[in-house]
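Remarks on the structure that follows.
Lettering of chains follows the sequences in order, A, B, ..., and the numbering in each one begins at 1. Just so you know, these numbers come straight off a predicted model, no measurement behind them.
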There are 2 protein chains.
Amino acid sequence: MDFDKPPPEPLASAPGFLLSWHGRRTAHAFAENLRQLGLKPPHFGVLRLIAAQPGSTQQELVERSMIDPSSMVAVIDELEELGLAERHAHEGDRRKHAIELTPEGERTLKGAQTIANQTAETVLGPLNARERKDLLILLRKLAGLQ
Amino acid sequence: MDFDKPPPEPLASAPGFLLSWHGRRTAHAFAENLRQLGLKPPHFGVLRLIAAQPGSTQQELVERSMIDPSSMVAVIDELEELGLAERHAHEGDRRKHAIELTPEGERTLKGAQTIANQTAETVLGPLNARERKDLLILLRKLAGLQ
DNA sequence: TATTGTTATACTCTATAACTATA
DNA sequence: TATAGTTATAGAGTATAACAATA
């Protein structure tokens, strides 16, 4: 898709379409920038969740990520193949895995976070600080938060 | 996906993620509501464009819709199967088609527009009129419009 | 019986390239 | 040679159901 041009009218006047367009554009830009690390957005999201709570089970990661269980298996498989995370034995329940970051996983997470910040900076470029703050507040309210 | 609950933190604090989430949620809600007419969002978008400029060629619809040429073929095929639009001969260039709405296409478009309005009303529910206006202005500016 | 993780599968959406008929 | 439309295909992303191991 071509996100260099703004969407044509009358689409650009429909809030619903604009939300959808921005969502796709933002996700696309982020995915594009993350590729230099060999990661996709779900990898980044899960790396962050593991870092926030090392030793989480896959179920717990599913609950905090909006990624379904079978996709989570694939994401963690890939993180293991990349040497960024590991499934460890879970104390007390042999069905569960305790997911941990490797040292390289922690380093990669920092790099990905930098890329995420740069992407946000680029995407939000047309807005000044005040407008960005307003937008975040509106989007959070729209999502039913606060 | 489950859009009933707001996205979990820390995702809900990242503007990029929120944009992406709202986009998917909005598109999902619209698609869900449109299904009662047997339509998908691209059908609605193209119906609107045909109504705005009857006799458009497929190329022209592609340019105004962000739908690529091969997908446009499929969309118009389906609109024809549904009896909502027709390919007519284009005067002066036999490669081109002049796309027209049928009377039923015009009726269905009105119904779809109503559904679009209801969906927007539901999605934007948490915001008051002032906030909706502000959001639209911010989203348009963010898209590089105006 | 219920839960955790896994596998296999199917489905939607989109993108790409090659083809035809016309210009 | 270039353009309009078409076809076939492949890829990404996601969803679903069935399964094994363990509780």
Side-chain angles (χ1 to χ4, degrees), chain A residues 1-4 17 20-21 23-32 34-35 38-46 50 55-81 85-99, chain B residues 1-3 17 20-21 23-28 30-32 34-35 38-46 50 55-81 85-99:
Chain A
M1 190 87 49
D2 177 19
F3 289 112
D4 294 338
F17 176 84
S20 179
W21 184 83
R24 294 166 51 79
R25 170 176 143 98
T26 303
H28 181 266
F30 183 42
E32 195 71 18
L34 259 191
R35 264 181 34 192
L39 298 182
K40 295 176 183 179
H43 298 135
F44 171 64
V46 173
I50 302 169
S56 293
T57 66
Q58 296 185 197
Q59 277 283 355
E60 290 164 351
L61 296 174
V62 162
E63 285 157 18
R64 287 184 248 130
S65 68
M66 307 186 64
I67 296 173
D68 67 280
S70 69
S71 301
M72 183 61 73
V73 170
V75 170
I76 297 176
D77 283 353
E78 289 152 11
L79 290 177
E80 282 199 315
E81 284 161 23
E86 288 171 349
R87 289 176 170 95
H88 291 151
H90 187 280
E91 301 179 19
D93 191 334
R94 299 208 301 181
R95 291 173 305 182
K96 299 181 179 178
H97 293 146
I99 315 296
Chain B
M1 191 88 48
D2 176 19
F3 290 111
F17 176 84
S20 179
W21 184 82
R24 294 167 52 78
R25 170 175 142 98
T26 303
H28 181 265
F30 183 43
E32 195 71 17
L34 260 190
R35 264 180 36 192
L39 297 182
K40 295 176 184 178
H43 297 134
F44 171 64
V46 173
I50 302 169
S56 294
T57 66
Q58 295 185 196
Q59 276 283 353
E60 289 164 351
L61 295 174
V62 162
E63 284 157 19
R64 287 184 248 131
S65 68
M66 306 187 64
I67 296 174
D68 67 279
S70 70
S71 301
M72 183 61 73
V73 170
V75 170
I76 297 176
D77 282 352
E78 288 152 11
L79 290 177
E80 283 200 315
E81 283 161 23
E86 289 171 348
R87 290 176 169 95
H88 291 152
H90 186 280
E91 302 180 17
D93 191 335
R94 300 206 301 179
R95 293 173 303 180
K96 300 181 180 179
H97 293 146
I99 314 295

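Separation of atoms OG (A/Ser56) and NE2 (A/His90) is listed at 9.0 Å; rounding is to 0.5 Å.
Going from atom CG of B/Asp93 over to atom P of C/dA21 covers 16 Å, rounded to whole Å. Taking atom NE2 on B/His90 and atom P on D/dT3, their separation rounds to 16 Å, with Å as the unit. Across the protein-nucleic acid pair, B/Arg25 atom CZ and D/dT14 atom C1' stand 19 Å apart, rounded to whole Å. The distance from atom CG of A/Leu34 to atom P of D/dA12 is 16 Å, rounded to the nearest whole Å. Rounding to whole angstrom units, CZ of residue A/Arg35 and P of D/dA12 are separated by 10 Å. One interatomic measurement links the two molecules: CE of B/Met72 to P of C/dT16, which rounds to 17 Å at whole-angstrom precision. Following rounding to the nearest Å, A/His88 (NE2) and C/dG5 (C1') show an atom-to-atom distance of 17 Å. Taking atom CD1 on A/Ile67 and atom P on D/dG13, their separation rounds to 12 Å, with Å as the unit.
Distances shorter than 4.0 Å separate some side-chain N or O of A/Arg87 from OP1 or OP2 on C/dT6. Phosphate proximity of D/dG13 to A/Lys40: present, with a side-chain N or O under 4.0 Å from OP1 or OP2. Under 4.0 angstrom from either OP1 or OP2 of C/dT6 there lies at least one side-chain N or O belonging to A/Gln58.
At a cut-off of 3.5 angstrom, the base of D/dT3 holds at least one donor-acceptor pair with the side chain of B/Arg95. For C/dT4, its base never sits under 3.5 Å from the side chain of A/Thr57 at any donor and acceptor pair. Under 3.5 Å, the side chain of B/Ser70 and the base of C/dT14 form no donor-acceptor pair of N or O atoms.
Between A/Arg94 and A/Ser71, the residue anchored closer to the 5' end of DNA chain D is A/Ser71, taking for each the nucleotide with the nearest heavy atom. With the nearest nucleotide of DNA chain C identified for both A/Ala98 and A/Arg24, A/Ala98 has the one nearer the 5' end. Nearest-nucleotide assignment on DNA chain C puts the 5′-proximal partner with A/Gln59, out of B/Met66 and A/Gln59.
Residues B/Pro69 and B/Val62 share a closest heavy-atom pair of CA-CG2, 3.8 Å. B/Gln58 and B/His97 get closest at one heavy-atom pair: OE1-ND1, 3.4 Å.
You'll find that the side chain of B/Asp68 is closest to C/dA15, out of C/dA15, D/dA23, D/dT16.
The shortest distance between side-chain heavy atoms of A/His43 and A/Val75 falls below 4.5 Å. B/Leu61 has its side chain within reach of B/Ile76: a pair of non-hydrogen atoms, C-beta onward, lies under 4.5 Å apart.
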